[in-house]
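Numbers here simply count residues along the sequence, with the first being 1.
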Amino acid sequence: MIRKPFFLALFSCLCLQTYAQRIEKQLNDQWTFRFSHQVEQNTATTVAIPHTWNAQDALSGKLDYKRGIGNYEKKLLILNEWKGKRLFLRFEGVNSVADVFMNGKFVGEHCGGYSAFVFEITDRVIYGQENTLLVRVNNGEQLDVMPLVGDFNFYGGIYRDVSLLVTEEACITPLDYASPGVYLTPKEVSRSQAKIDALVKLSNKGAKRDVKVLVQVKDGKKAVCEGHQPIVLAENAEGQVLIPLNIEKPHLWNGRKDPFLYEVELTLWEKDKLIDKVTQPLGLRFYHVDPDKGFFLNGEHLTIQGVCRHQDRAEIGNALRSVHHQEDVSLMLEMGVNAIRLAHYQQAEDMYDLTDRSGIITWAEIPFVGPGGYLDKGFVDSPSFRENGKKQLIELIRQNYNHPSICFWGMFNELKEAGDNPVEYIQELNALSHQEDPTRPTTSASNQGGKLNFITDVIAWNRYDGWYGGMPDALGRYLDNTHREYPQLCIGISEYGAGASIYHQTDTLVRPQPATFWHPENWQTYYHMANWKIIHERPFVWGSFVWNMFDFGAAHRHEGDRPGINDKGLVTFDRKVKKDAFYFYKANWNEERMLHLAEKRCVKRTAEKANFMVFTNCDKAELFVNGKSQGIKQKDAFATIKWNDIRLDQGKNTITVRSLSKPVLVDEVVIEKQ
């Protein structure tokens with residue numbers, strides 16, 4: 001008798017079987033909201049999720065924006081047909097402590113504002129009628145929940161999606177720190193072969209049952225490899241299977257060049273009945289960091305062209321939707337970004353999906369944040385704080401384990417060793433990260449010396465030479481001295497940036513005072529030109545990340561053109577205006593032909609002679625003033641062309657720049673000589 005392989009037998013029977021797929025129902029509409037102090041009847045308002053109650057007060061620069069408890073309530077119809085199944089609530093992000101109640105009874109608490117969490121409500125609901133779901137959300141300061149401080153807003157609310165998950169009694173578990181329940185570990189990856197271990201975690205509520213797990217790796221509709229494993233799940237017990245996979249001549253995930261993804265389909269079978277299915281991305285790559293030569297992806301050196309990103313924007317705070325994440329990544333791709341530091345906390349699942357598909361190398365981190373130049377501390381040496389940080393690290397890693405774009409786990413940002421010294425705790429976090437994921441290196445963002453700089457696998461510094469003090473050339477000296485003193489240390493720049501308002505324009509270049517309401521755009525442009533040259537000329541810098549891709553909210557800041565905004569972004573808070581520094585990087589980082597005349601917003605000129613500057617990746621360009629040529633010039637090594645000491649006519653002048661190569665690119669502005 002010839003037996004079909006297990007997986008072939010299964011699929012030959014599918015047409016005869018009834019699928020028992022898990023159901024995922026989004027619960028974002030028709031919530032009511034009130035603050036906890038609003039105890040009067042009929043004071044709640046109707047809101048939709050994502051939602052934050054700080055979109056207005058925090059973004060207006062109000063230092064004491066509302067930090068307390070908000071109550072979210074929703075009627076949830078539980079169908080009779082779901083009897084005998086399992087029901088879970090999944091919250092993708094609630095800031096920062098969430099207490100969940102079903103029909104007035106406590107279900108559970110989650111502490112941490114940036115990671116997902118799941119509670120099972122199978123035994124908490126009444127079938128065949130509407131149930132009442134209440135979530136009490138607290139964004140108040142707590143000394144045992146990370147982060148304690150931060151140069152950003154702590155928006156309160158249910159600001160990411162909420163969903164109801166319905167499964168069979170046996171399922172691929174959603175209860176493992178809200179992870180997919182699936183861990184795809186590359187044991188060996190090369191251009192000739194990839195060996196992967198697929199660990200699948202299972203949960204059973206009910207009687208003992210024999211089940212099988214099938215794993216298929218797909219390239220489109222084609223299965224390139226597969227494996228299966230039977231398991232006996234004991235009554236009301238957990239279980240797991242480990243299935244080795246092998247792919248010959250794998251198609252590698254290769255960053256922006258080729259962000260290829262396989263799709264892994266994991267199915268759970270009881271006899272010939274499909275009872276659960278989960279799909280996950282699989283990107284196969286190998287990489288390392290060299291202390292002298294920097295970052296290598298799939299054996300080839302890659303210059304990291306990185307930015308940092310906060311998860312908020314004008315008018316809506318952190319209550320972002322998928323379209324907002326898509327727009328952000330689109331702007332990054334336009335500029336030529338190939339790496340991102342998602343600071344200072346776990347960001348939306350949409351972002352990690354987008355960085356996977358776009359080929360953007362990603363640094364993901366927990367919210368272990370120090371005060372920077374402000375008061376208070378980011379570390380309290382208490383058991384509850386330590387446990388909370390460890391839990392948030394486990395959540396970050398397990399929930400995002402299968403994203404190939406993530407190449408670094410970040411342990412901390414700008415901590416200090418004075419007082420409660422975090423060094424021992426950072427060592428614990430570093431060891432925990434390697435225990436959870438032995439395949440990815442750890443990193444951190446420091447702003448001072450000390451033992452904390454020698455714990456993670458690679459290290460980076462937040463440097464603002466030329467903004468908070470000194471001039472940009474100090475960065476070069478710092479990097480050279482550090483590399484010389486610690487030649488085996490892998491050195492990066494986790495932040496560098498300068499503030500800029502598009503409304504602050506001048507035709508003279510003077511370094512402003514950061515804490516004032518005068519942030520001229522031309523200084524930011526100069527700052528980035530000088531800093532990028534220093535970084536780019538030092539191949540031992542494994543990566544650098546502009547602070548920040550976008551302006552973001554920080555209620556305690558009173559500077560720039562208005563309170564409540566950190567204006568170091570290369571793009572304005574509303575994403576409508578790209579600052580000149582954006583185009584400098586675009587000319588240097590993106591191969592798509594472009595030409596940009598800088599300082600077009602400086603429309604009134606007072607100097608006797610004017611200087612003009614163009615960012616372009618075209619070889620040559622010609623400048624015209626009122627139709628008269630001022631000469632043809634060639635771009636320099638950093639995609640810049642300058643024309644200095646150009647005489648203007650009194651009154652209005654039309655400034656035009658043209659590329660010489662075809663198709664001809666043109667940029668133009670009318671300015672006034674006063």
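- Residue pairs meeting the salt bridge (charged side-chain N to carboxylate O under 4.0 Å, His left out) criterion with at least one member in residues 240-262, sequence neighbours excluded, are Lys257-Glu300.
- Among residues two or more places apart in sequence or in another chain, the salt bridge (charged side-chain N to carboxylate O under 4.0 Å, His left out) test is passed with Arg398 by Asp176, Glu436.
- The residue from Thr362, Asn413, Thr443 that alone fulfils the side-chain hydrogen bond (donor to acceptor under 3.5 Å, both in side chains) condition with Arg341 is Asn413.
- For the side-chain hydrogen bond (donor to acceptor under 3.5 Å, both in side chains) test, residues two or more places apart in sequence or in another chain that qualify with Lys75 are Thr132.
- No side-chain donor from either of Gln326 and Arg321 sits under 3.5 Å from a side-chain acceptor of the other.
- In this structure Lys205 satisfies the side-chain hydrogen bond (donor to acceptor under 3.5 Å, both in side chains) test together with Asp123, sequence neighbours excluded.
- Relative ring orientation between Phe408 and Trp363 is described as tilted, the plane-to-plane angle lying within the 30° to 60° band.
- In this view, Asp197 satisfies the side-chain hydrogen bond (donor to acceptor under 3.5 Å, both in side chains) rule with no residue, not counting sequence neighbours.
- Under the salt bridge (charged side-chain N to carboxylate O under 4.0 Å, His left out) test applied with Arg386, the options Asp420, Asp381, Asp144 reduce to a single match, Asp381.
- A cation-pi arrangement is found for Arg67 relative to Phe154, the charged atom lying closer than 6.0 Å to the ring centre and inside a 45° cone about the ring normal.
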Review item, side-chain donor-acceptor pairs of residues 233-242, under 3.5 Å, at least two apart:
from, atom 1, to, atom 2, distance (Å)
Asn236, OD1, Gly206, N, 2.7
Glu238, OE1, Ser203, OG, 3.3
Glu238, OE2, Ser203, OG, 3.1

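- Between Tyr114 and the options Phe152, Tyr155, Tyr345, a ring pair (Phe, Tyr, Trp, His ring centres under 6.0 Å) holds for only Tyr345.
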